[in-house]
Undergrad: 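Okay, here's the structure, questions in a sec.
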Amino acid sequence: MKGNEEALENAMNPSSATVAGLSAVVHEASSTINREFNETNAKPDDRDPDLLPFIAGTAWPAARMLAEYFIWRIRHDSSSSSSPRSLLRHKSRRLRFLELGAGTGFTSIFIGKALLESADFASECAGADIYVTDLEIAMPLIELNIRENFGSQIPVALHAVPLDWTDGDKVDEFLGSFGDDFDFAADNKFKFDVIYGADVVYFPHLFAPLIDTLVRVTDTQKDQTDVILGCRIREVSKEGEFYARLGKHFLLEGIEESEWDDGVFYREYGWEYAMVRLVRRKKALDAERSDEFESMRMAWTMMASGDA
């Protein structure tokens, strides 16, 4: 593992990124490695320890898409909003965000910057904590990107936290670290405000652990955590299986057009990306899979083509 950490540190390549008018310094793995992953037929496998640093060290395409979505949503949130998904409904307390499979932390960094520019957030909330999680190997890069973009005395705090989906005990240990503030076993306790992941659906051997983790960090109460996954569709037959199996525990919903510039996702991204809201079912389906995702994909394609 130490060799992997050194490889990641040696491969760090800082660059300036701009999303929706906000700028950040984002360190990634070397551009040469990124180009090999994106422009050749190589299919990285996160079970190969030699490739782990470079998988974790890339800001994958959906991270920018998800950042754009949250920036727009934060900018258009209002303290007078009656929407159950308004972040500002949690007045006078700190907001809590959780990113799964963060890689470089790209999406979380821009969420933090969007919150800092929001006057409504500054006046209505007591701050925010953003938990930026991934494997231990990714922590040096995430920590560096946090340091590069945020000071220590600000109302938005980003926390780099190792989280391995394949180890349920570690996931429970992470949740238990919040102590009395978070009681994930109690039905009447509050959890995260928003959970999100960008390009986390690729490796079939991680489908079951990711679904298990999503079940562990969510609940079935009426005022649920808002869970959003934004992922590029690279192999529909493979990735569709994940969403079908996810449907056993979650109702899958597309985001509303009003959530992002009157449907920009469907106009610009619907051809090759999935953006799904997950709502925990009160009771898991008896079946091991659902067909909701396939129906959603057909609808997105029609909307993207202008036929809907």
Side-chain angles (χ1 to χ4, degrees), residues 8 11-46 51-73 99-111 113-114 132-135 138 141-142 145 149 195-204 206-207 210 227-240 242-243 254-255 259-261 263-277 293 296-297 300-301 303-304:
L8 183 56
M12 287 179 183
N13 181 42
S15 62
S16 178
T18 302
V19 181
L22 295 178
S23 297
V25 175
V26 179
H27 293 256
E28 292 188 81
S30 73
S31 57
T32 300
I33 296 297
N34 291 346
R35 189 165 58 250
E36 288 176 358
F37 279 177
N38 288 318
E39 298 181 1
T40 72
N41 293 323
K43 295 183 178 180
D45 185 340
D46 79 342
L51 293 178
L52 269 172
F54 309 112
I55 296 171
T58 300
W60 297 97
R64 174 177 289 274
M65 179 191 73
L66 207 57
E68 290 178 7
Y69 161 74
F70 277 112
I71 291 170
W72 197 94
R73 181 173 161 183
E99 181 172 13
L100 299 174
T104 63
F106 187 101
T107 301
S108 290
I109 287 168
F110 279 97
I111 288 175
K113 287 182 173 289
V132 192
T133 71
D134 207 317
L135 295 172
L141 183 55
I142 292 173
N145 282 330
N149 291 283
I195 296 173
Y196 52 97
D199 264 339
V200 292
V201 181
Y202 185 83
F203 298 110
L206 291 179
F207 289 175
L210 176 53
V227 185
I228 301 287
L229 298 183
C231 303
R232 191 173 185 178
I233 300 295
R234 295 175 173 85
E235 296 180 50
V236 175
S237 60
K238 179 178 70 174
E239 291 143 3
F242 167 79
Y243 294 103
I255 65 168
E259 287 183 57
W260 186 7
D261 199 13
V264 70
F265 167 74
Y266 301 104
R267 296 194 304 270
E268 299 184 10
Y269 295 100
W271 287 105
E272 58 176 332
Y273 287 83
M275 196 161 182
V276 181
R277 170 171 283 112
F293 180 72
M296 291 171 61
R297 281 284 297 167
W300 294 345
T301 301
M303 294 174 76

Undergrad: Would the distance check show the side chain of Thr133 and the main-chain N or O of Glu99 forming a donor-acceptor pair, the cut-off being under 3.5 Å?
TA: yes
Undergrad: Less than 4.5 Å apart, any side-chain heavy atom of Phe265 and any of Met65?
TA: yes
Undergrad: Identify the two heavy atoms, one from Ala24 and one from Phe110, that lie closest to each other, and give their separation to 0.1 Å.
TA: CB-CZ, 3.7 Å
Undergrad: Any side-chain heavy atom of Arg277 sitting closer than 4.5 Å to one from Glu259?
TA: yes
Undergrad: To the nearest 0.5 angstrom, please state how far the CZ atom of Arg73 sits from the CD1 atom of Ile111.
TA: 9.0 Å
Undergrad: To the nearest 0.5 Å, what is the distance between OG1 on Thr107 and CG on Asp199?
TA: 9.0 Å
Undergrad: Distance from Tyr196 atom OH to Met275 atom CE, nearest 0.5 Å?
TA: 12.0 Å
Undergrad: Spell out, as yes or no, whether a donor-acceptor pair under 3.5 Å connects the side chain of Glu239 to the backbone of Arg234.
TA: yes
Undergrad: So Tyr202 and Lys238, do their side chains get closer than 4.5 Å, heavy atoms only?
TA: yes
Undergrad: Can you find a heavy atom in the side chain of Thr104 that is under 4.5 Å from one in the side chain of Thr58?
TA: no
Undergrad: What residues form a ring-ring contact (aromatic ring centres under 6.0 Å, His included) with Tyr273, not counting sequence neighbours?
TA: Tyr269
Undergrad: Shortest non-hydrogen contact from Ala17 to Arg64?
TA: CB-NH2, 4.3 Å
Undergrad: Would you say Ile71 and Lys113 make side-chain contact, with heavy atoms under 4.5 Å?
TA: no
Undergrad: Measure across Gly103 and Asp134 and return the closest heavy-atom pair with its distance rounded to 0.1 Å.
TA: N-OD2, 2.7 Å
Undergrad: Could you report the tightest heavy-atom contact between Ala274 and Ile233, atom names first, then the distance?
TA: CB-CD1, 3.7 Å
Undergrad: Is there a side-chain contact between Trp72 and Val264 (heavy atoms, below 4.5 Å)?
TA: no
Undergrad: To the nearest 0.5 Å, how far apart are CG in Asn149 and OG in Ser23?
TA: 10.0 Å
Undergrad: On the 0 to 90° scale, with breaks at 30° and 60°, tag the Trp260-Tyr69 ring pair as parallel, tilted or perpendicular.
TA: perpendicular
Undergrad: Return the minimal non-hydrogen interatomic distance between Ala62 and Cys231, and the atom names on each side.
TA: CB-CA, 3.9 Å
Undergrad: Please list, chain by chain and in numerical order, all residues satisfying salt bridge (charged side-chain N to carboxylate O under 4.0 Å, His left out) with Glu272, sequence neighbours excluded.
TA: Arg232
Undergrad: Would a 4.5 Å heavy-atom cut-off, applied to side chains only, mark Asp261 and Glu68 as touching?
TA: no
Undergrad: If you take all heavy atoms of Leu66 and Gly197, which pair is closest and at what distance?
TA: CD2-O, 3.6 Å
